[in-house]
Structure formats: C-alpha cells, structure tokens
Novice: 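Let me give you the structure first, and then I'll get to my questions.
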Amino acid sequence: LIGEWTGTIRTWEEEVPLVLVVQPDGDVHARMGAEPRAQLNQVSWRDNNLRGRFSGTMPTSDARRWPHSILLNLRLRKGTLSGMATAQTTAEPVFFALTSFASLKKAGS
C-alpha cells in the first residue's frame, strides 16, 4: 500500500477528490477536497481491508449540520481501494452516520 492513492468520494450531492498517502513507517494521511491533509487514526490493515478515521467534513448539506469525522473502510480489490467513507458524529453515543462510496487507485498504476 505504500505510496499515494488518488480517487473520489461520491456523495449524494457531488464527487469529492480524495488522496491517501501511505508512508513506509505505517502513517497514513488523507486529503479530501480542498481540506488540509489529516492523519488517519485507529488505522488497521487486515484481510485486504484498510480502516481508519480522520478529521474532515463531508461536504453535504446534511452532514455539515453536526461535527463529525470521516471513517474509512476500504477493501483492496484488483488494484483498487474501494468501499465506505462514513461521516460519523464525534459525540458519544454516535447519533448519525452518513455513508458515501470511495474509490482510489495507486498513483502511477
């Protein structure tokens, strides 16, 4: 997975660019749209599944109503990372989760 992955998050309102950078030391950084780069927390890689959470705001009118972070759950299939990008409230208990589709390919592939 080491390297830069580029693609989109497809929300119900629009497609938003998404970039993941997987560093050799295991750190993973995400940049969604024009937002600043953010580090993925709670990162795991198991059974071709990449999971992690980063600070960000899903750019949809409904998600913007409440503070949230973005939970990624992406599966590597045939050179593509794809799956869920979920805007999930940061307060406990979680009272909303809005999921969009994310798909990324490794840069240079």
Novice: Going by side chain to side chain donor-acceptor pair (under 3.5 Å), name the pairs with one or both residues in residues 13-26, residues two or more places apart or in two chains.
Specialist: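 For residues 13-26: Glu13-Ser61.
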Novice: Please give me the minimum heavy-atom distance between Ser82 and Arg77, naming the atom from each residue.
Specialist: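 Minimum heavy-atom contact is OG-NH1, 3.0 Å.
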Novice: Under the side chain to side chain contact (heavy atoms under 4.5 Å, CB included) criterion, do Ile70 and Met58 qualify, and how do the steps go?
Specialist: CA-CA 7 Å; Ile70 308 298; Met58 194 65 76; 3.8 Å; yes
Novice: Testing the basics here: between Ala102 and Ile9, what is the closest heavy-atom pair and its distance to 0.1 Å?
Specialist: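 Taking Ala102 first and Ile9 second, the nearest heavy atoms are CB-CG1, 4.1 Å.
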Novice: How long is the gap from CG on Leu104 to OG1 on Thr6, to the nearest 0.5 Å?
Specialist: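 That separation rounds to 7.0 Å.
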Novice: Do Trp45 and Val22 share a hydrophobic cluster (ILVMFWY, side-chain heavy atoms under 4.5 Å, transitive)?
Specialist: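 Trp45 and Val22: one cluster.
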Novice: My understanding is that a hydrophobic cluster links ILVMFWY residues whose side chain heavy atoms are under 4.5 Å apart, including indirect links. Using that, what else belongs to the cluster containing Phe95?
Specialist: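 ILVMFWY cluster around Phe95 also holds Trp12, Trp66, Phe96, Leu98.
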Novice: Check whether Leu40 and Leu1 end up in the same hydrophobic cluster, where Ile, Leu, Val, Met, Phe, Trp and Tyr are linked by side-chain heavy atoms less than 4.5 Å apart.
Specialist: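 In one cluster: yes.
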Novice: For a quick test of reading the model, state the closest non-hydrogen atom pair linking Leu71 to Gln88 and the distance between them.
Specialist: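 Where Leu71 meets Gln88 most closely, the heavy atoms are CD2-OE1, 4.2 Å.
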Novice: Are there over 12 heavy-atom neighbours, none belonging to Arg65, within less than 6.0 Å of that residue's CZ?
Specialist: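 Atom CZ in Arg65 is not packed in, count stays at 12 or less.
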Novice: What closest approach, in Å, do Arg31 and Pro36 show between heavy atoms, and which atom pair accounts for it?
Specialist: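 The answer is CG-C, 4.4 Å.
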Novice: Within the distance-only criterion (no hydrogens, no angle test), does the side chain of Arg75 pair as donor or acceptor with the backbone N or O of Asp47 below 3.5 angstrom?
Specialist: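 Yes, because the side chain of Arg75 sits within donor-acceptor range (under 3.5 Å) of the backbone of Asp47.
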Novice: Would Leu76 end up clustered with Val19 when hydrophobic side chains under 4.5 Å apart are linked, directly or stepwise?
Specialist: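 In one cluster: no.
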Novice: Might you work through the side chain to side chain contact (heavy atoms under 4.5 Å, CB included) test for His29 and Gln39, ending with a clear yes or no?
Specialist: CA-CA 4 Å; His29 295 256; Gln39 184 168 353; 4.0 Å; yes
Novice: Rounded at 0.5 Å granularity, tell me how far CG in Leu18 sits from CD in Glu35.
Specialist: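 If we round to the nearest 0.5 Å, Leu18:CG and Glu35:CD are 10.5 Å apart.
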Novice: Can you find a pair of side-chain heavy atoms, one from Leu72 and one from Leu50, that are under 4.5 Å apart?
Specialist: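 Side chain of Leu72 against side chain of Leu50, heavy atoms only: no contact under 4.5 Å found.
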Novice: Determine whether a donor-acceptor pair (N or O, by modelled atom type, separation under 3.5 Å) exists between the side chain of Arg10 and the backbone of Ser100.
Specialist: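 Side chain of Arg10 to backbone of Ser100, a donor-acceptor pair under 3.5 Å: no, none is there.
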Novice: Only one of Asn49, Thr86, Thr99 forms a side chain to side chain donor-acceptor pair (under 3.5 Å) with Asn73, so which one is it?
Specialist: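 Answer after filtering Asn49, Thr86, Thr99: Asn49.
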Novice: Over all heavy atoms of both residues, which pair between Val16 and Pro59 is shortest? Give the atoms and the distance, please.
Specialist: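 Distance-wise, the nearest heavy atoms are CG2-CG, 3.3 Å.
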Novice: Quick one: closest heavy-atom pair of Lys106 and Trp5, and the distance?
Specialist: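 That would be N-CE3, 3.2 Å.
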Novice: May I have the step-by-step check of side chain to side chain contact (heavy atoms under 4.5 Å, CB included) for Leu20 and Leu74, ending in yes or no?
Specialist: CA-CA 11 Å; Leu20 290 181; Leu74 306 171; 3.8 Å; yes
